[in-house]
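This one's a predicted model, so the numbers in the text were calculated from it and none came from an experiment.
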Amino acid sequence: RVVAVIMVGGPTKGTRFRPLSLNIPKPLFPLAGQPMVHHPISACKKIPNLAQIFLIGFYDEREFALYVSSISNELRVPVRYLREDKPHGSAGGLYNFRDLIMEDSPSHIFLLNCDVCCSFPLPEMLESHRRYGGMGTILVIKVSAESANQFGELVADPATNELLHYTEKPETFVSDRINCGVYIFTPDIFTAIQGVSTQRKDRANLRRLSSFDAIDSATSRNLPADFVRLDQDILSPLAGKKQFYTYESMDFWEQIKTPGMSLKCSALYLAQFRFTSPHLLASGDGTKSAAISGDVYIHPSAKVHPTAKIGPNVSISANARIGAGARLISCIILDDVEIKENAVVIHAIVGWKSSIGRWSRVQLLPSSSNIAAVMKVGHFLQYHVA
Ligand code: GDD
């Protein structure tokens with residue numbers, strides 16, 4: 001049996017995703033009309049012998065309760081939200097719930113970051129991992145040399161795919177192969193995490209005994225014993241020890257840290273729907289429906305006037321109303337928004353309950369980081385450029 005764990009973080013993380021993450025936990029923000037976390041969850045459904053999916057985070061349970069129960073019913077796989085009392089780091093969070101995760105004695109554990117957008121080739125990773133052996137396999141991708149330093153850079157043996165060297169967000173260039181934040185482990189990962197905690201405790205005791213504090217004060221060894229990071233504390237020291245292997249993706253991959261990235265990732269997931277869930281894409285067939293161009297998602301409760309022109313890359317959430325002659329291109333329209341007659345919205349996110357007046361135009365030039373976000377604050381509309 002296999003289980004999957006998705007790390008969703010908590011309210012003190014995802015600050016670059018503001019203002020959008022002020023209203024809703026970032027993992028529930030819609031991409032291609034589905035909550036961000038829905039995409040890795042539905043990818044898990046393809047894993048053979050999947051017993052359970054866990055979401056680990058430090059958001060309040062209530063924020064995830066509705067979503068978790070509806071997705072469990074829909075997928076017919078138990079999905080559980082496990083709340084940490086405080087952040088324990090990406091490996092510490094996993095270790096914190098080891099008893100629950102190991103309940104069904106799984107042979108393998110998938111670990112996925114919630115804020116990555118990719119095709120999640122999970123069955124392929126499992127198959128490769130079985131061939132390689134070792135404690136874990138990491139999904140990697142080649143990126144441009146200029147952007148690599150925002151991620152964990154790594155070097156793998158071209159013949160065996162063994163992870164030889166790993167550095168998290170290095171200052172000087174190491175490699176254009178990066179860690180995608182998608183892993184498969186054997187239960188041995190818990191022993192490795194415990195090893196890091198024990199080492200930290202021993203060092204802290206030693207420091208107390210020798211009353212010689214200065215030595216480790218600026219390093220990670222001063223972190224609490226139960227705060228363990230997967231990248232710096234596990235992958236870096238265990239690289240080159242025949243414990244970790246890499247699986248290179250040739251498909252799409254992006255990290256979702258800023259509002260601007262959500263538009264790009266919405267486009268990628270909408271394009272993927274053509275193959276995985278074509279029923280979710282608006283067709284524009286029939287005389288009563290609006291003109292649709294390219295990939296568009298429209299929630300069944302949204303009302304779109306037949307003379308509106310929508311797409312490409314548009315997702316329209318629940319209860320939105322799109323008026324006559326409105327033109328929407330590359331945008332995310334959130335719940336209860338009203339776009340009045342002949343308004344134009346291009347490359348923007350229109351926040352919950354906002355209303356865009358007749359003949360108005362909301363537009364920002366496309367670039368990977370810039371995005372216009374219109375949010376309703378009290379009775380006023382605020383225009384953010386992030
Ligand atoms: N539950 C929980 N508790 N989740 C956490 C915690 C924690 O204490 N800390 C981080 N996370 C979650 C975040 O929400 C995110 O989904 C994931 O773990 C990784 O977050 P960070 O540890 O902040 O790392 P990062 O996103 O800057 O970079 C990591 O991911 C990149 C790929 O997206 C690194 O592993 C990079 O090497 C990698 O390239």
Practice item. Run the ring-centre check on F29 versus F17 and record whether the distance is less than 6.0 Å. Key: yes
Does [Y] offer a backbone N or O that forms a donor-acceptor pair with the side chain of [X] under 3.5 Å?
| X | Y | value |
| --- | --- | --- |
| S249 | D251 | yes |
| R200 | F227 | yes |
| H88 | K86 | yes |
| S301 | N319 | yes |
| K26 | C114 | no |
| T307 | G325 | yes |
| K45 | L75 | yes |
| N313 | L263 | yes |
| R83 | Y59 | yes |
| R327 | G311 | yes |

Practice item. Indicate, with yes or no, if I41 and I184 share a hydrophobic cluster defined by side-chain heavy-atom contacts under 4.5 Å among Ile, Leu, Val, Met, Phe, Trp and Tyr. Key: yes
Between [atom1] on residue [X] and [atom2] on residue [Y], distance to nearest 0.5 Å:
| X | Y | atom1 | atom2 | answer |
| --- | --- | --- | --- | --- |
| I6 | L82 | CD1 | CG | 11.5 Å |
| L280 | Q34 | CG | CD | 5.5 Å |
| Y183 | L139 | OH | CG | 10.0 Å |
| I109 | R98 | CD1 | CZ | 12.0 Å |
| H39 | T276 | NE2 | OG1 | 9.5 Å |
| I189 | I193 | CD1 | CD1 | 5.0 Å |

Do you know which two heavy atoms are closest between [X] and [Y], and how far apart they sit?
| X | Y | result |
| --- | --- | --- |
| S72 | V79 | OG-N, 3.1 Å |
| I332 | S262 | CD1-O, 4.0 Å |
| V116 | Y269 | O-OH, 3.7 Å |
| F185 | G136 | CD2-CA, 3.9 Å |
| A32 | F273 | O-CE1, 3.5 Å |
| E153 | S175 | OE1-N, 2.9 Å |

**Study point:** Parallel, tilted or perpendicular: ring planes of Y132 versus Y245, cut at 30 and 60 degrees
**Key:** parallel
Practice item. Could you tell me how the ring of H299 sits relative to the ring of Y297: parallel (under 30°), tilted (30 to 60°) or perpendicular (over 60°)? Key: perpendicular
Exercise for review: Please determine, by modelled atom types, if Y67 and H38 share a side-chain donor-acceptor pair under 3.5 angstrom.
Suggested key: yes
Exercise for review: Answer yes or no: does atom CD of E127 have more than 12 heavy-atom neighbours from other residues, nucleotides or ligands under 6.0 Å?
Suggested key: no
With the threshold set at 4.0 Å, does a side-chain nitrogen-carboxylate oxygen contact exist between [X] and [Y]?
| X | Y | answer |
| --- | --- | --- |
| K242 | D157 | no |
| E248 | R177 | yes |
| D231 | R229 | no |

**Study point:** I292, I333, I329 screened by side-chain contact (heavy atoms from CB on, under 4.5 Å) with I310, the one that passes
**Key:** I292
Check your understanding: Is there side-chain contact between I346 and R361, with heavy atoms separated by less than 4.5 Å?
Key -> yes
